[in-house]
Amino acid sequence: MRIDVISIFPEYFAPLDVSLIGKARERGILDVHLHQLRDWAHDVHRTVDDTPYGGGPGMVMKPEPWGEAIDTVLAAGPGAQPRIIVPTPSGVPFTQKLAMEYAREPWLLFTPARYEGIDSRVMAEYGSRMRVDEVSIGDYVLAGGEVAVLVMVEAVGRLLPGVLGNAHSAVDDSFAPGAMENLLEGPVHTKPPEWRGREVPEILLSGHHGKIARWRRDEALRRTAKNRPELLSTLDPESLDKHDRQV
Ligand SMILES: Nc1ncccc1[N+](=O)[O-]
């Protein structure tokens, strides 16, 4: 997968050199290209923003630098069209389902904005010839979209084949489709079996996989009921056996 990011703070993406994503890049699973938007702002101050038409607070990012930057990336890209992803609090919610959809794409172009956002004509222009998604990582306001890009690249990158050491850990994720869909993961334990007087639940040491799976699902249901009760209502009643209903 190729990922391009255009930003006035490309240094924000240093974390993409480390850990899981860094290794995926070294192994050629992920090909990340960073671009400094100001390289396409030709005035002496390399201006990328201006006051909003119609008045109002803050500044809006100018269309010209974005248009030239995106055109350059499109021309240098692997051909075909990228999926453009615009991080914004006004976007659709970023979910595990959307991460999985993006993980199947050959090329993603992220356009994180600062200030009040990008002149809306830019995405209207590209939206007429390729997929442009406005996506939000949460109902709060960040100073810019760069952090949201880091979140999305990590959520998508870890799903790419070969990135996660143990392929199963993505399948068992909270929100992963299947048995865990819309359920939060329950508690986890490792050695030692007793720590400060607290013992690991006996069932986990029993080696009885059926009972362990049952216990884990019960704990997932309990945690979901406690932290995200609204998700329980999304569970398909058919998927809840009579034991579940007692939890
Ligand atoms: N929440 C956000 N705030 C600012 C920019 C982008 C954002 N987001 O969720 O993608």
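Residue numbers run from 1 in the order of the sequence given. Both ligands and their constituent atoms are indexed starting at 1 by order of listing. The basis for the numbers below is simple: all heavy atoms, side chains too, and nothing from hydrogens, waters or symmetry mates.
Of the protein's non-hydrogen atoms, the one nearest atom 3 (N) of ligand 1 is L142 N, 2.9 Å. Nearest to atom 1 (N) of ligand 1 among the protein's heavy atoms is Y140 O, 2.7 Å.
Only the backbone of V135 comes within 4.0 Å of ligand 1, counting heavy atoms alone; no side-chain atom from C-beta on gets that close.
With distances taken over non-hydrogen atoms, the option nearest atom 5 (C) of ligand 1 out of A148, P112, G144 is G144.
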Inset, instruction - Evaluate the salt bridge (charged side-chain N to carboxylate O under 4.0 Å, His left out) criterion for residues D218 and R216: first the C-alpha distance (whole Å), next the side-chain angles of each, then the deciding distance (0.1 Å), finally the verdict. - result: CA-CA 5 Å; D218 291 349; R216 281 179 168 160; over 6 Å; no

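Residues I212 and L184 fall into different hydrophobic clusters, defined by Ile, Leu, Val, Met, Phe, Trp and Tyr side chains chained together at heavy-atom separations under 4.5 Å.
Using a 4.0 Å cut-off between charged side-chain N and carboxylate O, R114 and D49 make no salt bridge. A salt bridge between E230 and R228 is present, with a side-chain N of the basic residue lying under 4.0 Å from a carboxylate O of the acidic one.
Side-chain contact, T72 with W40: a donor N or O sits under 3.5 Å from an acceptor N or O. Checked by atom type, the side-chain pair D50/Y115 shows no donor-acceptor distance below 3.5 Å.
Remark: ligand 1 atoms within the under-4.0 Å shell around heavy atoms of I137 are 8 (N), 9 (O), 10 (O). Close approach of ligand 1 to G138 (heavy-atom distance below 4.0 Å) involves ligand atoms 1 (N), 9 (O). Atom numbering of ligand 1 starts at 1 in the shown order; those under 4.0 Å from a heavy atom of P87 are 6 (C), 10 (O).
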